[in-house]
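Here is the structure we will look at, set down as structure tokens.
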Amino acid sequence: MTAKIKYDEVEVGTELPAASFPVTRATLVRYAGASGDFNPIHWNEKFAREVGLPDVIAHGMFTMAEAIRVVTDWTGDPGAVVEYGVRFTKPVVVPNDDTGALIEVSGKVAAKLDDNKVRVDLTAMSAGQKVLGMSRAVVRLA
């Protein structure tokens, strides 16, 4: 695959289409099974509260994966991501109800680099709080 976005058509400040990703307890159970991460803070409310959390929280790697989808959807090619890193700033708290939580992600081209690459800065929010800090991806465009 090749990125659908052309380097010459992108400027610093270009905004990527924002996206929202719902997270329910069922989502966390499926992710735990796929990832092998069965830490009880991700599925057991009693345990999560006993260790000082407000409720069950989403896996950090799950949150990170949902955020990068804004970039991969924009480029049309997951293989276009050359580098990606984040800092986990706040947990995504997932209540045990029909709604769960929502991860809201936006992105912007922050720098044009050599070799048809750009740096995209992402903002990931949940319940009005920034859940990822320093969320940056380097992407090779067409």
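Looking only at distances, no side-chain donor or acceptor of Arg87 sits under 3.5 Å from a matching main-chain atom of Ser135. Between the Tyr84 side chain and the Ala65 main chain, no donor and acceptor come within less than 3.5 Å of each other. Side chain of Thr89 to main chain of Lys130: a donor-acceptor pair is present (N/O by atom type, distance under 3.5 Å, no hydrogens or angles). Looking at Lys108, its side chain never comes within 3.5 Å of a backbone N or O of Thr123 through a donor-acceptor pair.
No side-chain heavy atom of Val118 sits less than 4.5 Å from a side-chain heavy atom of Val12. Side-chain contact between Leu141 and Val10: present, with at least one pair of heavy atoms (C-beta onward) separated by less than 4.5 Å. No side-chain heavy atom of Arg136 sits less than 4.5 Å from a side-chain heavy atom of Val120. Looking at heavy atoms from C-beta onward, Leu102 lies out of side-chain contact with Phe21 at the 4.5 angstrom threshold. Asn96 has its side chain out of reach of Val56: every pair of non-hydrogen atoms, C-beta onward, lies at least 4.5 Å apart. When side chains are defined from C-beta on, Trp74 does not count as touching Glu15, because their heavy atoms never get closer than 4.5 Å.
Heavy-atom contacts from other residues, nucleotides or ligands closer than 6.0 Å to NZ of Lys90 number 12 or fewer.
In this structure Arg25 satisfies the salt bridge (Lys or Arg N to Asp or Glu O under 4.0 Å) test together with Glu45, Asp55, sequence neighbours excluded. Listed by chain and residue number, Arg140 satisfy the salt bridge (Lys or Arg N to Asp or Glu O under 4.0 Å) test with Asp115 (two or more places apart in sequence, or in another chain).
His59 pairs with exactly one of Val92, Thr27, Asn39, Asp37 by the side-chain contact (heavy atoms from CB on, under 4.5 Å) rule, that one being Asp37.
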